[in-house]
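For reference, the structure discussed in these notes is given below.
One-based numbering, in listed order, for ligands and for the atoms of each. Below, each value reflects all heavy atoms present in this structure, side chains not excepted, and no hydrogens, waters or symmetry copies.
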Amino acid sequence: MSGIAAVGESYQKFNPRAYLQNNYMPPRADFGSEDCVVPWKLRCLAEAFATGDIHGRTLLDIGSGPTIYQLLSACDHFEEIIATDYLEVNREVLRRWVQDEPDGFDWSPYIKHVCRIEGKGEQWKEKEQKLRRKLRQILPIDVHQPEPLGSQLCQPADALVSTFCLEAVSPDRPSFERALRNITTLLQPGGHFLLIGALEETFYLAGEAKLSVVPVSEADVREALSKSGYHIHDFRSYLMPPGLKIGVDDVSGVFFVHAQKKPVA
Ligand SMILES: C[S@@+](CC[C@H](N)C(=O)[O-])C[C@H]1O[C@@H](n2cnc3c(N)ncnc32)[C@H](O)[C@@H]1O
Ligand SMILES: O=S(=O)(c1ccc2c(c1)CN[C@@H](CF)C2)N1CCSCC1
C-alpha cells in the first residue's frame with residue numbers, strides 16, 4: 001500500500017468529536033491571554049483580512065475538517081465561501097453547523113473573540129449568521145489528486161485558506177510539495193493564500209485514529225511555497241508552550257503564512 005493510500009486508510013477512523021475535544025475546547029484551547037496560540041491564530045487571520053488586500057467572489061477552504069474558526073474573518077470579504085474535506089463525517093458536521101442543528105460544537109467563544117479583535121462592533125450572532133449564509137458549498141476533496149476537487153469547481157477561487165491539512169495528510173515532504181502544487185491549481189493567478197500549519201509535528205490523535213504528520217520546518221514551508229510559485233508577504237511562527245503538550249500530538253509550533261500566487265508571466 002502506498003504512503004498516500006495508508007494515510008487515506010488511517011483517516012477512516014478519524015473521530016471529529018474527539019478531534020474537536022483535543023484541539024478546540026478548554027483547557028487546551030485557551031483564550032485567557034493574547035499570547036495563547038488560539039488568539040494568536042485568530043489574530044493572524046484577522047490582521048491579514050484587515051489589510052483589505054484579500055477579497056473577491058469566492059474563497060475556498062482546503063481540508064476544513066469539522067472546524068469553521070478559520071473562516072470567521074474571511075466572511076466580510078467574500079460573497080461565497082466553499083468548505084472542503086476528504087471525509088463525509090467532517091462534511092456532515094459542517095452541514096449540521098450551517099443548518100444550526102442541535103448538539104453542534106459551540107464556536108461562540110471563537111466568534112466572540114474575532115468580533116472583539118476586529119473592533120467593528122459586530123455582534124457575534126450577526127457574524128455567525130453571516131458565515132452560515134456565505135458557506136454555501138461543502139465539497140469532497142483529495143489534495144493528492146492533480147484535480148483535487150475533480151470537476152466540481154467551475155473556475156479557480158479568488159483566495160485559498162488551509163489550516164493544519166497538508167502536513168497532516170502527506171506521508172513525506174515530496175507528497176507535501178505535490179499536494180501544495182495540486183491545490184494551487186484551484187487558485188486564480190494573483191490570488192491570496194492563507195496557510196496555517198503545524199511545525200515539526202509527527203503524529204496526532206483523533207479518537208481511535210492515530211494520524212501520521214510529516215514534520216516540516218519554516219524553511220521547508222517556504223521552499224514548498226516558492227516551488228509552487230508563491231510570493232510570501234508574511235510568515236509568522238508560534239512556539240508551543242510545553243504545558244500544551246498533553247499527548248494528543250507532538251506539535252512543536254504553529255506557522256502562519258500570507259502568500260500570493262504569482263501572476264502568469
Ligand atoms: C488536522 S485536520 C485539519 C482540520 C481543520 N482545517 C483545522 O484547522 O483543525 C486535517 C483534515 O484533512 C482532511 N484530509 C485527510 N486526507 C485528505 C486529503 N487527501 N485531501 C484533503 N483533505 C484531507 C481530514 O479529513 C481532516 O479534516
Ligand atoms: O491551535 S492549535 O495550535 C492546533 C490546532 C489544531 C491542530 C494542532 C494545533 C496540531 N495538530 C494538528 C493535527 F494536524 C491539529 N492548538 C494547540 C494547542 S491547544 C489549542 C489548539
[X] contact mode with ligand 2 (heavy-atom cut-off under 4.0 Å):
X	answer
Tyr69	neither
Asn23	both
Tyr238	neither
Lys41	side chain
Phe164	both

Give me the residue, atom name and distance of the protein heavy atom closest to [atom].
atom	result
atom 15 (C) of ligand 2	Tyr19 OH, 3.3 Å
atom 17 (C) of ligand 1	Tyr86 CB, 3.4 Å
atom 10 (C) of ligand 1	Phe164 O, 3.5 Å
atom 26 (C) of ligand 1	Asp85 OD1, 3.6 Å
atom 7 (C) of ligand 1	Tyr24 OH, 3.3 Å

Check each of Ser175, Ser64, Ser10, Ala206 against atom 5 (C) of ligand 1 and report the one with the nearest heavy atom.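 Ranked by closest heavy atom to atom 5 (C) of ligand 1, first place is Ser64.
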#### Entry: Leu87, Asn90, Val169: member with heavy atom nearest to atom 16 (N) of ligand 1
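The residue whose heavy atom sits nearest atom 16 (N) of ligand 1 is Val169.
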Provide the number and element of each atom of ligand 1 under 4.0 Å from a heavy atom of [X].
X	answer
Tyr204	1 (C), 2 (S)
Cys165	12 (O), 22 (N)
Tyr69	7 (C), 8 (O)
Tyr19	1 (C), 2 (S), 3 (C), 4 (C), 7 (C), 9 (O)

May I ask you to decide if the ring planes of Phe49 and His77 are parallel, tilted or perpendicular, using 30° and 60° as cut-offs?
->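 Ring orientation, 0 to 90° scale: parallel.
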Inset, instruction - Using the six-membered ring wherever Trp is involved, compare the ring planes of Phe31 and Tyr110 and label them parallel, tilted or perpendicular (cut-offs 30° and 60°). - result: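 Correct class here is perpendicular.
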Can an N or O of [X] be found at a distance shorter than 3.5 Å from an N or O of ligand 1?
X	result
Gly63	yes
Val143	yes
Tyr11	no
Asp142	yes

*Any chain of hydrophobic side-chain contacts (each under 4.5 Å) joining Ile138 to Leu186?*
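Result: yes, single cluster for both.
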- Close approach, Met240 and ligand 2, non-hydrogen under 4.0 angstrom: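 Met240 counts as a contact of ligand 2 under the 4.0 Å cut-off.
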Strictly under 4.0 Å, does any heavy atom of Val213 approach an atom of ligand 2?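 No, Val213 has no heavy atoms under 4.0 Å from ligand 2.
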- [ ] For Arg17, look at atom CZ and say whether over 12 heavy atoms of other residues, nucleotides or ligands are found less than 6.0 Å away.
- [x]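 Not more than 12 within 6.0 Å, no.
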